[in-house]
Amino acid sequence: MDHDDLPFDSLTPNSKKLTLRIHLVTWNVGTAPPPRDVSSLLLLDTPKSDIDMYIVGLQEVNSKIVTFLSDLAFDDPWSLFLMDILAPLGYIKHSSIRMQGLLLLVFVKHRHIPFIQDIRTNYIRTGLYGYWGNKGGVTVRMSVYGHMMCFVNCHLPAHMENTHQRLDDFERMLEAHQFDGESVGSILDHDAVFWFGDLNFRITDFGIHFIREVIQGNRYSVLWEKDQLNMAKKKEGFLQGFMEGPLKFKPTYKFDLNSDVYDTRWKKSLFGFNGKKRKPAWTDRILWKLKNISEDESGEHPDADYENILKIILEKYTSHMSYGISDHKPVTGTFNVQMKPLIVAAPVAVRAEGEWNADHDALISYSVAKDFPSSTWDWIGLYPVGFRHTKDYVTYAWVKDDEISFSEDCNQKHRATWKVYLHFTSCTAQLFLEAISARPILQFFLGTTSTLYSH
């Protein structure tokens, strides 16, 4: 990677802090296809938005059997739609996981790819006593510049009376969600956790007409104390430390389709009788938590040294009323994650040697850092400029088992260097190289990937 492309000055890493802008989207799309335009949702209509990572959590993605099987074989419509938008802007779909209607997508700027490692995904079903995936959570965890982060997209049980079930499922996912590996096992073992989705918490006590009048007058704070999630955070121990921005936007459920008007249709019950219209509620939420933080410390770690290493600042928390493909409005949170990078140099460097053309094999030299976690499944891939995700390689070559092993005779930078050949018949696109730790790549359909990148 060229020095100018690095996200911080690698020559003096100990004196530098890095700020990553993470834009997080949660949206219950009600089985609808993507809308025509999501510029405002992704801040693409904002000058110099400069987002480093997009985290997109969707609920109720169309999961009818034919559609779901097609999405397993190919990319789903939402992934394709977002890749079409973000790939030309320098983002790749770095990782994803799907469980029926739950979909979690992670898009990353190219320059950060070498520093995002140890990626794992998981899911947990909570519908039908844990046997059905219409409710539950999907998770992507990763090391970002050496800091372990976990992103959880979940869909909790609906209806006003199911508060205890929602809380039980929340707690169960926190306790039962486990990851393979020695670094972190459970969700709360991570340095930072982002928890979001259709949490389905409602507003108690107040009637539908009073709630609508309060909303009409923009007096949202009147409703905060009767929000079930706010009430639970004061009582439930497992929710301590989870932070949320102020709810200074309209409740995001339930709307008539393609409008900003709250539910006007009488729900038809099983036996033909009319049910009640749904009261507006903030069902769609974004929470976050730093490790070992108590709620009354307002997001600051009690250890001052830790605050100098990792800090999360909420820049904006809002809903987007212009989108009407479902009865939910999408909610976004834009975060500035300030950190002291614990990884300051890309662990793999790849270089092309000699003249490249379609008539001859291409020679590549590569080097790895001393602490590089090698695997017998490591491979080097060739990607076209503007590639969309980690499966977009043109060709690849396996790295031999005895090649990725550190040698004490290597240069002063403590890197070992080897050479491999890539064979390709023709490629008219401009090319660049990608060094990839492929052990997780082979498990991609199980939802894990780990990428190391270098020009």
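From a predicted model like this one, the values you see are computed outputs, not experimental measurements.
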Evaluate the side-chain proximity of [Y] to [X]: yes if any heavy-atom separation is below 4.5 Å, no if none is.
X      : Y      : answer
Val331 : Ile286 : yes
Arg141 : Met149 : no
Thr26  : Asp198 : no
Val337 : Leu310 : yes

inquiry  = Could you work out, with ring-ring contact (aromatic ring centres under 6.0 Å, His included) as the rule, every residue matching Phe335, not counting sequence neighbours?
reply    = Phe194, Trp288
request  = With sequence neighbours excluded, tell me which residues meet ring-ring contact (aromatic ring centres under 6.0 Å, His included) with Tyr262.
outcome  = Phe255
Short side-chain donor-acceptor distance under 3.5 Å, [Y] and [X]:
X      : Y      : value
Asn200 : Arg202 : yes
His320 : Ser40  : no
Asp52  : His112 : yes
Ser143 : Gln117 : no

Backbone of [Y] reached by a side-chain donor or acceptor of [X] within 3.5 Å:
X      : Y      : value
His147 : Lys340 : yes
Tyr383 : Thr390 : yes
Thr31  : Val61  : no
His328 : Gly324 : no

ask   = Among all residues two or more places apart in sequence or in another chain, which pass the salt bridge (charged side-chain N to carboxylate O under 4.0 Å, His left out) test with Lys226?
value = Asp205
ask   = Nearest 0.5 Å, what's the CG-NE2 distance between Asp169 and His155?
value = 11.0 Å
key: Name of the residue among Val56, Asp76, Asn153 meeting side chain to side chain contact (heavy atoms under 4.5 Å, CB included) with Leu103   = Asp76
Going by side chain to side chain donor-acceptor pair (under 3.5 Å), name the residues that satisfy it together with [X], two or more places apart in sequence or in a different chain.
X      : value
Thr334 : His23
Thr46  : none
Glu244 : Arg285, Tyr317

task = Measure from NZ or CZ of Arg166 to the centre of the six-membered ring of Phe201 and say whether it is under 6.0 Å with the direction within 45° of the ring axis.
result = yes
task = Please state whether the rings of Phe170 and Trp195 are parallel, tilted or perpendicular, taking 30° and 60° as the class boundaries.
result = parallel
request  = Taking all heavy atoms of Ile343 and all of Gly146, pick out the closest pair and write down the distance.
outcome  = CD1-N, 3.8 Å
message = Please check if the number of heavy atoms outside Glu225 that lie under 6.0 Å from its CD is greater than 12.
response = no
